[in-house]
Each structure stands twice: as structure tokens, then as C-alpha cells.
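In what follows, every chain begins at residue 1, and chains take the letters A, B, ... in the order their sequences are listed.
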There are 2 protein chains.
Amino acid sequence: MNLKQLSQHLKLSQTTVSRALNGYPEVSENTRSRVLKAAQDLNYRPNIRAKGLATGRALAIGHVIPVSTQHEMVNPVFGDFIAGAGESYAKAGYDMMLTLVPDQEEARTYQDIRSRGTVDGIIVHGPVINDERIALLSRIGLPFVVHGRSTDVNLPYSWIDVNNRGAFERGTQFLIELGHRRIALLNGLEHMDFAFRRRKGYETALRNNGLSVDASLMRSEEMTEVYGYRAAREMLARSETPTAFVCSSIITAIGVRRAIHDAGLVLARDVSIITHDDALSYLQNGDDVPIFTALRSSVRYAGREAAEMLLSLIAVPKSAPKTRLLEADLIIGRSTGPAAT
Amino acid sequence: MNLKQLSQHLKLSQTTVSRALNGYPEVSENTRSRVLKAAQDLNYRPNIRAKGLATGRALAIGHVIPVSTQHEMVNPVFGDFIAGAGESYAKAGYDMMLTLVPDQEEARTYQDIRSRGTVDGIIVHGPVINDERIALLSRIGLPFVVHGRSTDVNLPYSWIDVNNRGAFERGTQFLIELGHRRIALLNGLEHMDFAFRRRKGYETALRNNGLSVDASLMRSEEMTEVYGYRAAREMLARSETPTAFVCSSIITAIGVRRAIHDAGLVLARDVSIITHDDALSYLQNGDDVPIFTALRSSVRYAGREAAEMLLSLIAVPKSAPKTRLLEADLIIGRSTGPAAT
DNA sequence: CGCACAATTCAAAGCGCTTTGGAACCGGTC
DNA sequence: GACCGGTTCCAAAGCGCTTTGAATTGTGCG
């Protein structure tokens with residue numbers, strides 16, 4: 001069933017039917033309702049490719065996920081983020097398009113996306129420090145919103161991000177106030193912008209309290225369980241052990257907890273953990289009482305908001321970049337306590 | 001830069017340029033290389049919408065993710081699955097389209113997808129027992145591959161699945177051979193087909209060994225950490241505690257481990273755990289020595305294969321359904337030991 | 001009743017590509 | 001020199017939709 005058939009069936013022109021369907025004013029209410037009814041009955045759906053060709057809009061948003069050949073990891077945050085974004089798209093009648101990009105081919109790929117005309121805008125995931133994609137996309141002129149920010153990029157661009165620095169400063173401060181002095185940081189890979197900012201926050205809190213920044217208490221790796229376990233195990237075997245850990249991911253925190261148990265220590269009493277928590281639906285941090293004391297910020301919410309920002313950017317062509325900084329909540333769970341003396 | 005401009009630039013007709021670009025034989029090698037060079041230099045990319053309109057193919061595959069309004073959970077497996085599928089699509093020049101479908105609107109949505117013509121085929125995620133979508137899609141005539149199967153559906157259809165039943169039978173058998181008699185099952189929601197099959201496997205192993213199936217040792221819920229924790233905690237507080245747990249997810253297994261620790265027991269010595277492991281990139285089950293004894297099957301690999309099955313289904317129009325059963329590996333980790341006597 | 005003007009409706013062009021059905025050209029053959 | 005088959009190229013139609021510009025119908029008023 002296409003427009004032509006539908007209009008023949010109704011004995012109207014394609015023009016009129018098209019207008020009736022798309023809510024243009026120059027068609028009488030009478031015919032409009034006739035058309036809508038027929039469309040409903042005959043199960044008519046406009047062909048989106050043809051529509052796109054005619055209007056020049058794709059009615060789709062692209063999500064570009066960098067796939068590093070070195071670290072094969074799929075960002076666990078991704079599922080929840082697109083679930084959030086998907087809600088916004090569904091409401092607006094947009095489709096969501098996914099592209100996996102091997103990191104060597106980035107420049108080419110964005111050009112491709114632009115000229116193939118499959119999407120009206122894109123969401124950029126996983127920004128690194130001084131991310132080249134931002135300049136590239138600005139140059140190309142494809143609307144985009146970054147999930148995160150990129151330190152050292154000076155162009156104006158649209159982004160939505162958690163206040164990573166503030167959150168980690170706050171979390172570290174919280175531990176210091178509990179009497180902790182040797183606080184370890186198990187961070188993500190620090191070429192990633194979010195991880196870089198988190199370290200800054202952690203260091204700021206230490207310095208503000210006259211504590212020295214000890215490189216031997218800092219790690220930066222892909223945030224797996226095993227990473228948390230290994231790092232904590234090694235640190236807890238020293239003569240001077242850390243009394244608290246700040247983790248960039250709940251998964252890493254789980255590894256740390258395992259190391260603590262293995263060492264015969266008790267969480268919160270002997271060693272404290274505070275972690276960032278993206279509020280992932282399948283990795284919830286307990287329920288009424290959180291397992292881990294955490295800096296929580298829903299990535300699903302971020303997805304929803306990012307999508308809406310992008311859609312409004314697309315709706316108003318030459319609009320100025322939008323930015324949005326989300327604050328993480330510090331929620332107290334069962335993983336922190338006063339420093340053992 | 002479009003075809004018309006390119007052909008004018010080359011002083012050739014659009015026909016010839018199009019043919020040269022798409023590798024048709026009726027164009028001399030000479031002009032072909034001229035065309036290719038010009039396309040390269042001028043950075044020409046065919047508009048995919050126009051191409052789709054003209055050929056009737058969308059060059060895109062849809063992934064439809066059911067979003068239940070009750071359980072807000074995003075399947076954690078999803079990220080890895082599409083990472084795998086994405087690899088296959090990239091090679092074949094296909095795009096990947098995501099659609100989130102609230103479960104009430106399923107029927108309408110698939111119809112929509114079909115008639116909007118955005119995709120050439122779809123991958124069906126999260127099949128339940130007697131899943132209606134399979135009949136629906138067969139009727140509509142849209143090529144599809146199910147990730148999983150659906151018990152009680154009698155039509156032929158294409159699927160790729162892990163041998164869930166066999167795996168859980170084997171895992172349970174393994175525990176029985178270690179001397180365990182009271183073995184708990186912490187399963188996923190059992191209207192999901194995979195969970196249903198896993199229970200069957202578990203029960204089969206018990207029966208084969210003359211053990212009774214004890215409903216009080218079986219749970220069926222969304223596979224979170226807290227679920228594992230709660231269920232294990234409750235069971236371990238009984239007078240007759242289970243000596244081993246079979247879990248449907250590594251996340252749940254982590255919760256069980258926490259409960260074991262909290263109860264002052266030691267994993268493997270006092271209580272054993274065996275779990276299904278989807279080999280998720282961000283939730284790896286240890287490295288050299290796995291943390292959990294597990295039934296492992298890479299969901300990323302499944303994604304890659306599912307995509308390839310679907311592409312070949314699309315390439316050969318009336319082809320018969322393809323099916324593929326993957327076997328899970330039983331890998332021995334540090335979470336199992338002989339039953340405490 | 002006839003006219004101006006608004007309210008409806010329509011035919012046709014165009015979006016960028018593929019593909020059909022020929023046309024033009026080439027060297028070789030009788 | 002006419003003819004032929006093969007090679008190389010082209011004009012034009014068509015995919016399903018939107019949108020421009022024009023035609024048709026309806027309405028109010030002098």
C-alpha cells in the first residue's frame with residue numbers, strides 16, 4: 001500500500017492525501033478525517049526512504065561507537081544510555097542508527113555518514129582528551145551532541161556530562177572526613193576524558209586536605225572486576241595498606257570487595273570503598289540500602305536528555321550549542337566507615 | 001556531490017558512472033578506473049536513501065528490543081551481542097537500526113517496520129515461550145533471525161541459540177558428582193524461553209540422579225545482584241541449607257557470593273556456585289583461573305553469527321530457515337568444590 | 001445574478017539513484 | 001562495401017514521497 005494506491009482508493013490526488021496525513025492546513029477537516037480513516041483501515045505507512053529523499057531529512061539519529069582494536073570492551077554503560085535515548089526518539093518519531101567504528105577509520109566514517117544521508121545528527125560516545133572528532137564534525141556540519149566532554153577542545157560544541165571532577169572530589173573528601181589518609185584511586189583509562197576529570201577531583205580533595213598524591217595508590221585501566229581485584233589485592237598486601245578505595249565503576253568495586261574478603265578483612269570496618277555508579281538497570285547498587293557508598297548519576301537519564309538536546313538542535317538549524325552538566329548524588333551505603341586506627 | 005554532478009564532471013552519463021561504481025561488466029576497464037578515481041578524489045558517496053528507493057533494499061538490519069513496562073531492565077547481554085553483529089554488518093556494508101518496542105505495541109511496530117521499508121530484515125531479541133512475534137513476522141514476510149528459540153512455536157523459523165538445557169543439565173550433574181544433594185537454582189524469569197530451558201536441564205539432572213525437585217530451592221526473577229544476594233541469604237539461613245547454587249547470570253552469582261561471605265561461609269569449601277557466563281567483555285569471569293565455575297558461551301560470537309545468518313537469508317530470497325545450536329563450555333573455576341559433609 | 005476572494009483540490013516536477021531498451025561504434029567477415 | 005556480433009555508452013522511466021504553482025469549487029456581497 002503506497003500513497004498512490006491510497007489516493008486512488010480515495011479518489012483524491014496524492015497531494016491532498018499527503019497533506020491530510022501530514023497535518024497541513026489547506027485541507028478540509030472532512031476530507032482529512034476520511035483520509036486518516038482510510039489510512040488506518042488499509043494499514044498505510046509512508047515509505048520512510050521516499051519521504052527522506054523528498055524532504056532531505058532522514059528522521060534518524062546515529063550513535064557512533066568507537067571500537068578500539070586494542071581494548072575489545074563494549075562500554076557497559078551503552079545499553080542503558082540508548083535505552084534512555086530511544087525513549088526520546090520514539091516520541092519524536094525518529095529512528096536510531098548504530099555504527100561501530102574502528103578507531104583508525106574515524107575521519108572517513110563521519111564523512112561517510114554525512115554524505116550517505118542516513119541520519120540527521122549523531123551522538124558521540126566515549127570522548128577522549130582532545131578528541132579530534134569534535135573538530136571534524138563541526139567542520140562537516142553534522143549536528144551532534146557529545147556524551148561527555150573533551151578537555152583541550154576549544155571549539156564550542158554541545159555536550160551533556162556528569163560533573164566527574166566535582167563528584168570525585170566530593171567522594172574523596174567524604175572519605176577524608178571519615179579519617180582516611182591512604183586512599184587509593186582505581187580509575188578508568190585516563191585518556192578517556194571522564195577518567196581524567198575524576199583523577200583531578202580526587203587529587204584536588206587530597207591537596208585541599210594537605211595529603212600528598214601518591215602515584216603508587218593510583219591505577220588507570222579498563223574497568224573490569226579482575227582489575228579491581230588485582231589492584232586491591234596487591235595494595236592490601238603492602239606494609240602500608242590503603243584504608244579506602246575510590247573506584248570509577250561498580251564492577252571494579254565488586255573486584256575490590258572480593259580482594260578485601262580474600263584478605264580476611266571486613267568491608268567498611270577495615271577498608272572502605274566508594275564508587276561511581278551509573279545506575280545501570282542490570283547492575284543496581286542494592287535497593288533500600290545501597291551496597292556501596294556511591295556517586296550516582298543515571299546514565300539512562302543522560303541518554304534521554306542527550307537525545308532531546310540533539311533533536312532540538314536539529315529542529316532549529318543554526319542554533320547555538322547546548323550544554324548540560326549533571327550532578328552526581330552522594331549516596332551512603334554499606335561500604336564506608338571510619339578509618340581503622 | 002551527487003551522481004549527476006559526478007557524471008557531468010566526467011562527461012559520462014549517469015548510467016555509465018553508476019555501473020562503473022557498482023561493478024557491472026558492461027563498462028570498459030578504462031572508464032571504470034577513471035570513474036573510480038574521480039569518485040575517490042571528489043569524495044563522492046551515494047545517497048543511501050535514493051539507492052534504497054531505487055533498489056528496494058534498505059541495506060540495513062533492524063534490532064528490535066522489547067521494553068517491558070514492568071521490568072525496566074535493559075538486557076546486559078545486548079551490548080556485546082550488537083558489537084558482534086555490528087562486525088558482520090560493517091563487512092557487508094549494512095547499517096544497524098535499533099528500535100525499542102514497548103511490549104503492548106509489538107504487533108503494530110513490526111507492521112510499521114515492514115511497510116516503512118527501513119530495514120531488510122530483523123533480529124528478534126529476548127524470545128519468550130510461545131512468542132507471538134515469530135508467527136507475526138512469518139506472516140508479514142520480513143526475514144528474521146531469533147536470538148534464542150521459542151518453545152511451543154511450531155512454525156519453522158531461523159534461530160541461533162545456546163544449548164541452555166544441555167548446559168544446565170551438565171552443570172547440575174557436575175555438582176552432583178561433587179557430592180552435592182541440595183542444589184538451588186537461581187534462574188531468570190521463566191516466561192523467557194532461555195530460562196525455561198535451563199530449568200528443564202537442571203531438573204533433568206536431578207531426576208537422572210534420583211534427587212527430588214524441591215520448589216523451595218528454585219527462584220525465578222530478573223537476574224540482578226540483589227536478587228542473588230537475597231535469595232541465597234534466605235536459603236542459607238534455613239536449617240537445611242543448600243550446598244550449591246546454579247545461577248543464570250554471573251551478576252546473580254556475584255550476589256550469591258556476597259551472601260555466602262556475609263553468612264561467614266567460604267566459597268567452594270562450604271558452598272559452591274556454578275553459573276552461566278555470557279563472556280561479556282566488561283564482566284569477565286576472571287582470566288587465567290576463572291572466578292566462577294561456569295557454562296560459558298560468548299554472546300558476542302552469537303551476535304556475529306546471527307548477523308551472518310540473516311544476511312545470507314536476505315541474499316537468497318526464498319531460502320529455508322537456518323538454525324544454529326551453540327554448545328556452552330563447562331569451565332572450572334574457583335567457586336566449586338566437593339560438598340561439605 | 002455576477003464577481004471577488006478564500007477554501008479546496010490537483011497535475012506535475014523533483015529528490016538521487018538504478019535499470020531497461022536502444023543507439024553508436026568497432027573490427028572482422030563474406 | 002554491406003553486414004554482423006560484441007563492446008561501450010546513453011536517454012529516459014521509475015522507486016514513493018513532498019511541494020510548487022495552477023485549477024477548481026464554494027461563499028459572501030453588492
Minimum heavy-atom separation for [X] to [Y], with atom names?
X        : Y        : value
A/Leu313 : A/Phe144 : CD2-O, 3.8 Å
A/Ala307 : A/Ser88  : CB-CB, 3.5 Å
A/Pro25  : A/Arg32  : CA-NH2, 4.2 Å
B/Leu100 : A/Gly86  : CD1-CA, 3.4 Å
A/Ile314 : A/Asp120 : CD1-O, 3.6 Å

4.5 Å side-chain heavy-atom contact, A/Asp161 and A/Phe194 | no

Work out how much the helix from C/dC1-D/dG30 to C/dC30-D/dG1 bends between its end axes, five pairs an end, to the nearest 10 degrees.
-> 70°

Is a donor on one side and an acceptor on the other found under 3.5 Å between the side chain of [X] and the backbone of [Y]?
X        : Y        : value
B/Arg139 : B/Ile134 : no
B/Arg324 : B/Ala302 : no
A/Glu87  : A/Gly84  : no

Rounded distance in Å - CZ (B/Arg32) to P (D/dC9) | 10 Å

How many Å lie between CD on B/Glu26 and C1' on D/dG6, as a whole number?
-> 13 Å

Within residues 15-25 of chain B: residues closer than 4.0 Å to DNA chain D (heavy atoms) = B/Thr15, B/Thr16, B/Arg19

First and last nucleotide of DNA chain C, 5' to 3', lying under 4.0 Å from heavy atoms of chain B | C/dG16 to C/dG21

With ring centroids as reference points, do B/Phe78 and B/His147 lie under 6.0 angstrom apart?
-> no

The residue, A/Thr55 or B/Glu29, whose nearest nucleotide of DNA chain D is more 5′ is B/Glu29

Where each residue is assigned the nucleotide of DNA chain D containing its nearest heavy atom, which of B/Arg34 and A/Met1 is assigned the position nearer the 5′ end?
-> B/Arg34

Would you indicate what A/Ile48 reaches in the nucleic acid, counting non-hydrogen atoms under 4.0 angstrom: base, sugar-phosphate, or nothing?
-> nothing

Hey, is A/Arg116 close enough to B/Asp95 for a salt bridge, meaning N to O under 4.0 Å?
-> yes

